[in-house]
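Since the structure comes first, as C-alpha cells, the remarks are kept for the end.
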Amino acid sequence: MSVRVRFAPSPTGLLHIGGLRTALYNYLFARHHGGQFILRIEDTDQSRYVEGAEEDIIRSLRWAGLLYDEGPDVGGPYGPYRQSERSELYRRHAHELVQKGYAYYAFDTPEELEAMRERLQRAGNPSPKYNAITRLSMKNSLTLPEEEVRRRLEAGEAYVIRLKVPRGEVIRFYDEIRGWVAFESEELDDQVLLKSDGLPTYHLANVVDDHYMQITHVIRGEEWLSSTPKHILLYRYFGWEPPKMAHLPLILNPQGGKLSKRSAAELGIPVNVRDYIEAGFLPEAVVNFLAFLGWNPGDEREIMTLPELAEAFSLDRVVKSGAVFNFDKLKWYNQQYIRRKPDAELVEAVRRELIARQMPVPDEAYLFGVVRLMKERVEFIHEFVTFSRYFFEDPTEYAPEGIEKHWKEDTPALLEAYRKRLEAIAETEFTAERVEAELRALAAERGVSAARLIHPTRLALTGMTFGPGLFELMAVLGRERCLRRLHRALELIPASWQVPPTPE
RNA sequence: GGCGCGUUCGUCUAGGGGUUAGGACACGGCCCUUUCAAGGCCGGAACACGGGUUCGAAUCCCGUACGCGCCA
C-alpha cells in the first residue's frame with residue numbers, strides 16, 4: 001500500500017513555525033516513500049476560526065516548497081479537504097457509534113457538568129471525569145429511559161454524543177518514534193464526539209477523515225500523544241485499522257517551554273512562518289534548519305536541500321526529546337544558502353529589495369559587482385542594501401570612530417593627491433589593479449604606509465570603517481562615484497573633525 | 001493534582017555494553033589581511049542524580065529529581 005500522510009492544521013491563525021516543521025516531516029516522509037502528502041483543513045471549531053488563516057497556511061507551505069498532492073485548493077480523489085464541508089459524514093458516524101453501543105447521547109447542561117465536577121472534587125477526586133462511573137449519575141441515553149431519550153431527541157433538545165470509554169482496560173499503541181505507549185482507560189474521559197451544534201470535535205473528525213482519506217501514517221506533534229488512546233478506541237469501534245502513529249518532539253523556546261506566541265515574542269523569536277518570510281529568511285534555510293530540529297541524517301552533513309532531505313529521511317532517526325529553537329543557527333543556515341545562490345539570482349533579489357525600498361536601481365553590471373563583493377558578508381538579502389547602503393547612495397555621514405582613528409593632520413592633503421591621480425585615470429581603465437597601483441605609488445612617494453591612505457579613502461567613499469576590499473570596492477563604485485565622494489568628504493570631514501564634542 | 005513523554009557540551013545532535021564521548025551553531029585564540037567578513041588551524045565546553053545487572057555502563061533495569069505535554 002502506498003504511503004499517505006497529511007498535514008492537518010486548524011485555521012486558527014497564521015501558520016506557526018512548529019506547524020511548518022510538522023508539515024515538513026510529513027512531506028519528507030511521503031516523498032521518501034514515493035507516497036502522497038495531503039493538506040486537510042480542520043476547521044470544525046467555528047469559535048476559533050480566523051479569516052485568512054487558510055490562505056496563510058497555503059502560502060506558507062508553497063513558500064517552503066512543500067507541495068501537496070491533495071488539498072482544498074488543488075482537489076483530489078478523497079475530498080473535500082476542508083472539514084467544514086464534511087459535517088454530514090461525521091454526524092453519520094457519531095450516530096453509527098451510538099447504534100453500535102460504543103457511544104451515547106448526553107443531555108447534561110453546562111451547569112450540571114459543573115456541579116458534577118464540584119461534587120467529585122469535594123469528595124477528594126483531583127481530576128473529575130465524565131466516565132464509566134460518573135456517567136451513571138448523569139443525564140444520558142444510558143441512564144434515562146428509552147422513552148425519554150426519544151422524546152428529548154424528537155423535541156430537538158440539545159445533546160452531545162459521547163464516546164463510551166471502557167473500564168479497566170489498558171490501551172496500547174506503538175509509536176514509530178517512542179515505541180510502545182500505554183494508557184489506562186480509567187484516565188480517559190467519555191470524550192464528546194459530536195457537539196450540540198452538530199459539529200464534530202477534533203477527535204472524531206480526525207479519525208474519520210484519516211480513515212476515509214486512507215492515511216497510512218499519522219505524523220504530528222507530541223501534544224497529541226495523550227489523545228491517541230481515544231483515537232485508537234475510535235478506530236476499534238468503527239472496525240477500522242488504525243494508521244501508524246508517530247509523535248514528533250516539541251519545539252521549545254530558549255527557556256525550555258513550548259514555543260508559543262507569547263513566550264517567543266518575549267524572547268524575540270518570531271513564531272509565524274510569515275514573520276520569517278518577511279524577515280528575509282530563505283525557504284531553503286528555514287527548511288534545512290527545521291529538518292534538523294529533531295532529526296539528523298546519521299552522518300555529518302549539515303547543509304541539505306529538500307530533495308536530499310527527502311532521500312535521507314526516516315522516522316527512526318527522529319529524536320524523542322524537545323528541541324530548543326536556535327535562532328543563531330537559523331541565521332547561519334541563511335548565510336550558507338545566500339553564499340550558495342547563483343549571483344544572477346541574488347541580483348534579482350537585490351533589485352526587488354531596492355524597488356521595495358523605493359531606491360534607484362543601478363544597471364545590472366553594477367548589481368553583479370555589488371553581489372560579488374557582498375555575498376560572503378551578509379546573512380540576509382536585505383543586508384545587500386541596508387548593510388552597505390553606500391553602493392546605492394553617497395554617504396552623508398562618516399563614522400566618528402573612523403574619523404578619530406584614521407583622519408590625521410595630513411590626511412586631506414594625501415586624499416586630495418590620490419583624488420588627482422584617480423581623476424587622471426580613464427573611465428575604462430578604472431580597475432581594482434590600477435587604483436591600487438596608484439595608491440601604493442602615492443604612498444611610496446610620500447613615504448607613508450598604504451594604510452594611511454586606504455582607511456581614510458574607505459571612510460570617504462563609504463562613510464564606514466569596514467567592508468569589502470577597498471580596491472575592488474572602488475572598481476565597482478566606478479570612477480565618477482569615487483571622485484565625487486572623495487571631493488565631498490574632503491569638504492565635510494575636516495569641518496566635522498574640528499568641531500569639539502558637544503558637552504553633555 | 002492525575003496521566004503520559006523526555007533528560008549527552010550554552011544550543012542542535014552522533015554514539016545504544018569496552019570511544020582520548022564525534023560533528024554543527026555560538027564563544028575564545030591564532031593564521032590570512034588595508035578593514036569587516038569568509039576561510040584555515042587550535043581551544044574551552046556534556047553523558048541529571050542514586051542504586052542495581054556486568055569483568056566493564058553514557059549505553060541495559062529500577063528509583064529519584066527535574067523539564068515538558070495533555071487533562072482538570
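By convention in this document, chain letters (A, B, ...) are assigned in the order of the sequence lines, proteins followed by strands, and residues within each chain are numbered from 1.
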If you restrict it to nitrogen or oxygen atoms, what contacts under 3.5 Å exist between nucleotides 36-40 of chain B and the protein, and what is each distance?
| unit_1 | atom_1 | unit_2 | atom_2 | d |
| --- | --- | --- | --- | --- |
| B:rC36 | O2 | A:Arg377 | NH1 | 2.5 |
| B:rC36 | O2 | A:Gly467 | O | 3.3 |
| B:rC36 | N3 | A:Arg377 | NH1 | 2.4 |
| B:rC36 | N3 | A:Gly467 | O | 3.4 |
| B:rA37 | O2' | A:Glu376 | O | 2.9 |
| B:rA38 | O3' | A:Arg339 | NH1 | 2.7 |
| B:rA38 | O2' | A:Arg339 | NH2 | 3.2 |
| B:rA38 | O2' | A:Glu376 | OE1 | 3.1 |
| B:rG39 | OP1 | A:Arg339 | NH1 | 3.1 |

Spacing of [X] atom [atom1] relative to [N] atom [atom2], expressed in whole Å:
X: A:Asp189; N: B:rG4; atom1: CG; atom2: C1'; value: 16 Å
X: A:Leu225; N: B:rG4; atom1: CG; atom2: C1'; value: 6 Å
X: A:Glu222; N: B:rG6; atom1: CD; atom2: P; value: 8 Å
X: A:Tyr174; N: B:rC5; atom1: OH; atom2: P; value: 14 Å
X: A:Ile251; N: B:rG6; atom1: CD1; atom2: P; value: 18 Å

- Message: So if I apply the ring-ring contact (aromatic ring centres under 6.0 Å, His included) rule between A:Phe289 and each of A:Phe281, A:Phe327, A:Trp332, A:Phe325, which one comes out positive?
- Response: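 Answer to the ring-ring contact (aromatic ring centres under 6.0 Å, His included) test with A:Phe289 among A:Phe281, A:Phe327, A:Trp332, A:Phe325: A:Phe325.
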- Can you tell me if A:Arg419 and A:Thr457 form a side-chain donor-acceptor pair at under 3.5 Å?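 No, no side-chain donor-acceptor pair sits under 3.5 Å.
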- Query: Which atom names give the shortest non-hydrogen contact between A:Leu306 and A:Leu24, and what distance separates them?
  - Reply: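 Taking every non-hydrogen atom into account, CD1-CD1, 3.7 Å.
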Does [N] have a Watson-Crick or wobble partner in any strand here, with both distances under 3.5 angstrom, and which is it?
N: B:rA45; value: none
N: B:rC55; value: B:rG18
N: B:rU7; value: B:rA65

- A:Lys375 with A:Asp343: basic N within carboxylate O range, under 4.0 Å: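 Yes, this pair counts.
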- Query: If you look at every strand shown and take non-hydrogen atoms under 4.0 Å, does A:Ala451 touch a base, only sugar-phosphate, or nothing?
  - Reply: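 No contact.
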- Select base, sugar-phosphate, or nothing to describe what A:Arg178 touches, counting heavy atoms under 4.0 Å on all strands.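 It contacts sugar-phosphate atoms only.
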Can you identify which nucleotide, out of [options], has its nearest atom closest to the [X] side chain?
X: A:Glu223; options: B:rU13, B:rU11, B:rC70; result: B:rC70
X: A:Lys329; options: B:rA72, B:rC25, B:rU34; result: B:rC25
X: A:Ile454; options: B:rG6, B:rU34, B:rU13; result: B:rU34

- Message: At less than 4.0 Å, is any side-chain N or O atom of A:Arg317 found next to OP1 or OP2 of B:rG15? Yes or no.
- Response: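 For B:rG15, OP1 or OP2 has a side-chain N or O of A:Arg317 closer than 4.0 Å.
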- Item | N or O in side chain of A:Asn296 less than 4.0 angstrom from B:rA14 OP1/OP2 |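 For B:rA14, OP1 or OP2 has a side-chain N or O of A:Asn296 closer than 4.0 Å.
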- So which one's nearest nucleotide on RNA chain B is more toward 5', A:Leu250 or A:Glu472?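 Its nucleotide being nearer the 5' end, the pick is A:Glu472.
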- Task: Would you kindly check if the NZ (Lys) or CZ (Arg) of A:Arg162 is within the cone defined by 45 degrees around the ring axis of A:Tyr130 and under 6.0 Å from the six-membered ring centre?
- Result: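 Positive - A:Arg162 is close enough to the ring of A:Tyr130 and near enough to its axis.
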- Going by the ring-ring contact (aromatic ring centres under 6.0 Å, His included) test, which pairs reach into residues 435-458 of chain A, not counting sequence neighbours?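 As it turns out, the ring-ring contact (aromatic ring centres under 6.0 Å, His included) pairs with a partner in residues 435-458 of chain A, which skip direct neighbours, are A:His406-A:His455.
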- Task: Any chance you could lay out the ring-ring contact (aromatic ring centres under 6.0 Å, His included) test for A:Tyr25 and A:Trp295, step after step, and finish with the verdict?
- Result: CA-CA 9 Å; A:Tyr25 281 29; A:Trp295 175 87; 7.3 Å; no
